[in-house]
Student: 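First, the structure itself, so that you have it in front of you.
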Protein chains: 2
Amino acid sequence: MSEYRHTCMIRGDGGRVIRAILDRICNKWTLLVVATLDQGSVRFTDLQRQIPGISQRMLTLTLRNLERDGLVSRTVHAEVPPRVEYALTPTGKSLIPPALALAGWATEHVPHIEASREAYEAKG
Amino acid sequence: MSEYRHTCMIRGDGGRVIRAILDRICNKWTLLVVATLDQGSVRFTDLQRQIPGISQRMLTLTLRNLERDGLVSRTVHAEVPPRVEYALTPTGKSLIPPALALAGWATEHVPHIEASREAYEAKG
DNA sequence: CTGTATCCAACGGGATACTG
DNA sequence: CAGTATCCCGTTGGATACAG
């Protein structure tokens with residue numbers, strides 16, 4: 001059965017609702033950072049070590065944006081050397097289930113999609 | 001309770017799984033086009049009319065990518081003037097539930113996020 | 001350890017004009 | 001009607017160097 005009557009949640013307001021979230025989480029690193037923080041409080045260097053390929057710059061930028069949007073909390077401990085711990089806020093945690101839904105879909109369908117891609121390239 | 005034991009679906013393979021889907025659906029128009037096609041078979045011009053702000057170029061590109069990935073079917077009717085109808089494939093339809101999960105999250109949390117943004121800007 | 005600053009290449013995407 | 005072709009600009013993000 002069609003779910004058309006529900007897709008207004010996506011299309012609503014000329015797409016402004018879905019765009020609001022896309023603008024925030026649809027970049028190269030945000031979802032990976034959020035997923036990594038789901039284990040609890042993690043410090044900067046540990047995050048960088050657990051997320052292969054991310055640069056200091058992009059980790060900083062991603063964390064700042066998440067903090068600014070209230071999805072991640074940042075705690076500075078007055079020590080030497082400095083220790084900064086990042087953790088998901090309740091809002092941040094609430095993003096995990098929909099993110100998992102997406103990841104589940106990807107896990108299930110990406111193989112078929114890749115096959116379709118190759119077939120498409122083959123015939124032109 | 002933490003869902004950490006599940007987030008491997010997001011982080012798995014160094015993030016390649018989640019990246020695979022992000023690369024395909026996280027652009028300005030894809031989710032809107034998919035949601036619009038959930039009503040059934042729609043022709044090019046109708047799509048453009050129902051998706052405010054999309055240009056011919058971007059609608060074409062988005063549809064081509066979706067077709068190439070096997071999420072959308074394209075049917076050309078041999079008439080004059082030409083009539084082309086686009087529709088979701090089963091794989092395309094399967095994307096609707098996770099997309100709705102995301103949209104639901106957005107609807108629920110975006111107000112709080114925007115407030116957090118403004119507070120962040122205010123204090124610097 | 002936890003960042004900032006700068007430079008730069010690649011890409012997405014808008015505007016516009018043209019076509020079978 | 002349903003596209004294609006070109007131009008062009010803003011943003012994203014990588015590399016690198018520097019700093020508190």
Side-chain angles (χ1 to χ4, degrees), chain A residues 14-16 18-34 36-37 41-69 72-87 117 120 124, chain B residues 14-16 18-34 36-37 41-69 72-87 117 120 124:
Chain A
R16 245 163 290 173
I18 198 69
R19 197 78 42 77
I21 185 188
L22 255 43
D23 286 348
R24 287 158 223 279
I25 73 166
C26 276
N27 51 63
K28 195 165 179 179
W29 301 110
T30 293
L31 278 186
L32 276 178
V33 169
V34 168
T36 305
L37 284 175
S41 213
V42 188
R43 37 199 308 196
F44 189 88
T45 308
D46 289 336
L47 275 172
Q48 192 172 12
R49 214 191 51 247
Q50 291 183 49
I51 303 174
I54 196 170
S55 65
Q56 279 194 337
R57 173 182 141 86
M58 288 318 295
L59 181 53
T60 299
L61 282 178
T62 305
L63 287 169
R64 285 293 168 279
N65 287 335
L66 286 169
E67 189 195 356
R68 162 154 122 168
D69 290 346
V72 157
S73 66
R74 178 174 180 268
T75 309
V76 183
H77 299 268
E79 303 173 0
V80 179
R83 189 170 107 242
V84 181
E85 300 215 311
Y86 293 93
R117 281 218 152 186
Y120 190 94
Chain B
R16 245 163 291 173
I18 198 69
R19 197 78 43 77
I21 184 189
L22 255 41
D23 287 348
R24 287 157 223 279
I25 73 166
C26 276
N27 52 63
K28 195 166 180 177
W29 302 109
T30 294
L31 279 186
L32 277 177
V33 170
V34 169
T36 305
L37 284 175
S41 214
V42 188
R43 36 199 307 194
F44 190 88
T45 307
D46 290 335
L47 275 173
Q48 192 173 12
R49 213 190 51 250
Q50 291 184 48
I51 303 175
I54 196 169
S55 65
Q56 279 194 338
R57 172 184 142 86
M58 287 318 296
L59 181 53
T60 301
L61 283 178
T62 304
L63 286 169
R64 286 293 168 279
N65 287 334
L66 286 168
E67 189 194 358
R68 162 154 121 167
D69 290 347
V72 157
S73 67
R74 178 173 180 270
T75 311
V76 182
H77 300 266
E79 303 172 357
V80 178
R83 189 170 108 241
V84 181
E85 299 215 311
Y86 293 92
R117 280 218 152 185
Y120 190 94

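Letters go in sequence order (proteins before strands), and every chain restarts at 1. The basis for the numbers below is simple: all heavy atoms, side chains too, and nothing from hydrogens, waters or symmetry mates.
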Student: How many Å lie between CD on A/E85 and C1' on C/dG3, as a whole number?
Tutor: 16 Å
Student: When we call it a touch if two heavy atoms are under 4.0 Å apart, what does B/R83 touch: a base, just sugar-phosphate, or nothing?
Tutor: sugar-phosphate
Student: Of the non-hydrogen atoms in A/Q56 and A/F44, which two are nearest, and what is the gap between them?
Tutor: O-CZ, 4.0 Å
Student: Protein-nucleotides 18-20 of chain C N/O pairs closer than 3.5 Å?
Tutor:
none

Student: How long is the line joining CG of A/N65 and P of C/dG3, in whole Å?
Tutor: 14 Å
Student: Among residues 22-31 of chain B, which ones have heavy-atom contacts with DNA chain C below 4.0 Å?
Tutor: B/N27, B/K28, B/W29
Student: Please lay out, stage by stage, how B/R19 and A/L31 fare under the test side chain to side chain contact (heavy atoms under 4.5 Å, CB included).
Tutor: CA-CA 9 Å; B/R19 197 78 43 77; A/L31 278 186; over 6 Å; no
Student: In Å and rounded to the nearest 0.5 Å, what is the OG1 to CG distance from B/T30 to B/D23?
Tutor: 11.0 Å
Student: So, taking the atom named NZ in B/K28 and the one named CG in A/L22, what distance separates them when rounded to the nearest 0.5 Å?
Tutor: 11.0 Å
Student: For a 4.5 angstrom cut-off between non-hydrogen side-chain atoms, does B/R74 reach B/R64?
Tutor: yes
Student: How sharply is the helix from C/dC1-D/dG20 to C/dG20-D/dC1 bent, taking the axes over five pairs at either end and rounding to 10 degrees?
Tutor: 50°
Student: Rounded to whole Å, please give me the gap between CZ in A/R57 and C1' in C/dG3.
Tutor: 13 Å
Student: If you compare every side-chain N and O of A/T60 against the phosphate oxygens of C/dT2 (OP1, OP2), does one of them come in below 4.0 Å?
Tutor: no
Student: May I ask you to say what B/R43 touches in the nucleic acid, namely base, sugar-phosphate or nothing, with a heavy-atom cut-off under 4.0 Å?
Tutor: sugar-phosphate
Student: If I take atom CG from residue B/L66 and atom CG from residue B/L63, how far apart are they, to the nearest 0.5 angstrom?
Tutor: 6.5 Å
Student: Considering non-hydrogen atoms only, spot the tightest contact between B/S41 and B/E85 and give its length.
Tutor: OG-OE1, 3.3 Å
Student: Separation of B/M58 atom CE from C/dG12 atom C1', in whole Å?
Tutor: 7 Å
Student: On a heavy-atom basis, which atom in B/R43 and which in B/P82 lie closest, and how many Å separate them?
Tutor: NH2-O, 3.7 Å
Student: Quick one: A/L61 CG to C/dT6 P, roughly how many Å, whole number?
Tutor: 14 Å
Student: Closest heavy-atom contact between A/D46 and A/V42?
Tutor: CB-CG1, 3.5 Å
Student: Does A/R57 have any salt bridge (charged side-chain N to carboxylate O under 4.0 Å, His left out) partners at least two apart in sequence or in another chain, and if so, which?
Tutor: none
Student: First contact, last contact: which nucleotides of DNA chain D are these for chain A, 5' to 3', heavy-atom distance under 4.0 Å?
Tutor: D/dG13 to D/dG20
Student: By salt bridge (charged side-chain N to carboxylate O under 4.0 Å, His left out), which residues pair with B/R24, not counting sequence neighbours?
Tutor: A/E114, B/D69
Student: As a test of understanding, state which of A/L59, A/N65, A/I25 forms a side chain to side chain contact (heavy atoms under 4.5 Å, CB included) with A/V33.
Tutor: A/L59
Student: Return no unless some side-chain N or O of A/R64 is found under 4.0 Å from OP1 or OP2 of C/dT2.
Tutor: no
Student: Rounded to whole angstrom units, what separation is found between the CG atom of B/L59 and the C1' atom of C/dA15?
Tutor: 16 Å
Student: Work out which heavy atom in A/T36 is nearest to a heavy atom in A/L47; give both atom names and the distance.
Tutor: CG2-CD2, 3.7 Å
Student: Please report the shortest heavy-atom distance between A/V72 and A/Y86, naming the atom on each side.
Tutor: CG1-CD2, 3.8 Å
